[in-house]
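Below is one structure, written out as structure tokens, with a few remarks after it.
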Amino acid sequence: MIRYKDRKETKLVILHDSHTQPGTAMDVPRWAALAHDGGLKMGLLAVGYHYIIERDGELVHCRGREKIGTHTPGLNLESIGVCLVGGREEPGGDGVDNFTTAQRHTLLSLLHELRQAYPGIKVRGHTEVQRYRRAGHPACPPIDMDLLREDLDLYAQGIVL
């Protein structure tokens, strides 16, 4: 059993995308399993994200949300990492907001739950918090983060989107 250290404080939720094509449920294995295998090949003990949201909206728990992740260098000690599967139409291509309705519902529900568990927590995209990600790289995740935060506020008010 892998034992991760607890975070001392939690200030951020950082959203990522998997930089993968959407594929179909019939021909693409679960991305969380691929991420785990890829992480092992890179020398990680497991997936660095706390959560992965698969194309069908399934929420995959990768490590305890109170534990330190390995998803955003320099911010892992104060953040929870969430990865949405998708974000590209072709390998190495530009970022594309191709996330499913099921993923969006799961994301809003998860973010709402995290806001309740960690009052004052901020939601940011990977590109928003790491400047080097902005220079010549597609947005990560390729979604309108301001609109997502507005949707999250409406969701918290019980307004169904």
Side-chain angles (χ1 to χ4, degrees), residues 7 10-39 46-67 69-72 75-76 78-131 133-134 137-161:
R7 269 189 321 281
T10 305
K11 297 179 180 179
L12 294 165
V13 176
I14 300 176
L15 301 183
H16 302 261
D17 71 90
S18 65
H19 306 313
T20 56
Q21 298 168 265
T24 66
M26 300 301 284
D27 64 5
V28 177
R30 304 309 274 177
W31 190 80
L34 296 174
H36 177 74
D37 291 344
V47 175
Y49 305 113
H50 295 86
Y51 301 97
I52 293 174
I53 302 175
E54 296 279 4
R55 299 292 295 169
D56 63 0
E58 178 188 355
L59 181 64
V60 179
H61 299 258
C62 300
R63 63 176 73 191
R65 67 183 181 194
E66 74 285 351
K67 303 297 182 187
T70 53
H71 55 89
T72 307
L75 295 172
N76 290 319
E78 61 189 47
S79 64
I80 294 172
V82 178
C83 183
L84 292 159
V85 177
R88 301 293 182 272
E89 289 297 331
E90 57 188 56
D94 291 335
V96 176
D97 182 350
N98 58 11
F99 305 108
T100 67
T101 301
Q103 284 178 296
R104 292 175 192 283
H105 286 293
T106 300
L107 178 62
L108 287 173
S109 176
L110 174 63
L111 294 176
H112 179 67
E113 178 186 326
L114 293 173
R115 274 185 163 182
Q116 290 179 319
Y118 302 98
I121 196 168
K122 294 183 180 349
V123 177
R124 298 290 182 261
H126 186 197
T127 303
E128 290 181 299
V129 297
Q130 290 196 316
R131 289 187 193 122
R133 293 285 315 162
R134 295 181 208 146
H137 290 41
C140 175
I143 59 178
D144 183 328
M145 291 300 299
D146 290 330
L147 186 57
L148 174 68
R149 288 185 282 266
E150 287 177 25
D151 288 348
L152 182 56
D153 290 340
L154 292 172
Y155 184 91
Q157 296 171 34
I159 299 172
V160 180
L161 305 173

d(Thr20 OG1, Leu84 CG) to nearest 0.5 Å is 10.5 Å
On a heavy-atom basis, the closest approach of Gly86 and Ser18 is N-OG, 2.8 Å
Residues at least two apart in sequence or cross-chain that pass side chain to side chain donor-acceptor pair (under 3.5 Å) with Thr106, listed by chain then number, are none
Looking only at heavy atoms, the pair that brings Ile121 and Leu114 closest together is CG2-O, 4.0 Å
Applying side chain to side chain donor-acceptor pair (under 3.5 Å) to Lys67 and not counting sequence neighbours gives Asp6
Taken in chain and number order and not counting sequence neighbours, the residues that satisfy side-chain contact (heavy atoms from CB on, under 4.5 Å) with His61 are Tyr51, Leu59
Result for side chain to side chain contact (heavy atoms under 4.5 Å, CB included) between Val85 and one of Gln21, Glu54, His19 points to Glu54
Taken in chain and number order and not counting sequence neighbours, the residues that satisfy salt bridge (charged side-chain N to carboxylate O under 4.0 Å, His left out) with Glu113 are Arg65
Criterion side chain to side chain contact (heavy atoms under 4.5 Å, CB included) on Tyr118 and Ile80, from CA distance to verdict
CA-CA 11 Å; Tyr118 302 98; Ile80 294 172; 3.7 Å; yes
Sorted by chain and residue number, the salt bridge (charged side-chain N to carboxylate O under 4.0 Å, His left out) partners of Asp153 (sequence neighbours excluded) come out as Arg115
Taken to the nearest 0.5 Å, the spacing of Leu110 CG from Ile53 CD1 works out to 5.5 Å
Taken to the nearest 0.5 Å, the spacing of Leu152 CG from Leu111 CG works out to 5.5 Å
May I ask you to check whether His71 and His50 place their ring centers less than 6.0 Å from one another? yes
The side-chain contact (heavy atoms from CB on, under 4.5 Å) partners of Thr100 (sequence neighbours excluded) come to Arg55, Ala102, Gln103
Here the gap from Leu12 atom CG to Lys122 atom NZ, rounded to the nearest 0.5 Å, amounts to 8.0 Å
So CD of Glu78 and OG1 of Thr10: to nearest 0.5 Å the spacing works out to 9.0 Å
Distance col, row Ile52:CD1 vs Cys83:SG, nearest 0.5 angstrom, shows 5.5 Å
Residues at least two apart in sequence or cross-chain that pass salt bridge (charged side-chain N to carboxylate O under 4.0 Å, His left out) with Lys11, listed by chain then number, are Glu9
Review item, side-chain donor-acceptor pairs of residues 89-98, under 3.5 Å, at least two apart:
{"from": "Glu89", "atom 1": "OE2", "to": "Asn98", "atom 2": "ND2", "distance (Å)": "3.2"}
{"from": "Asp97", "atom 1": "OD1", "to": "Arg104", "atom 2": "NH2", "distance (Å)": "2.3"}
{"from": "Asp97", "atom 1": "OD2", "to": "Arg104", "atom 2": "NH2", "distance (Å)": "3.0"}
{"from": "Asn98", "atom 1": "OD1", "to": "Gly87", "atom 2": "N", "distance (Å)": "2.8"}
{"from": "Asn98", "atom 1": "ND2", "to": "Arg88", "atom 2": "O", "distance (Å)": "3.0"}

Is there a donor-acceptor pair closer than 3.5 Å between any side-chain N or O of Ser79 and the backbone N or O of Val13?
no
Heavy-atom nearest pair, Arg63 first then Tyr49, reads CG-O, 3.8 Å
Looking only at heavy atoms, the pair that brings Met145 and Pro141 closest together is SD-CG, 4.3 Å
Start with the C-alpha gap between Leu107 and Leu15, add the side-chain angles, then the distance that decides, and say whether side chain to side chain contact (heavy atoms under 4.5 Å, CB included) holds. CA-CA 10 Å; Leu107 178 62; Leu15 301 183; 3.8 Å; yes
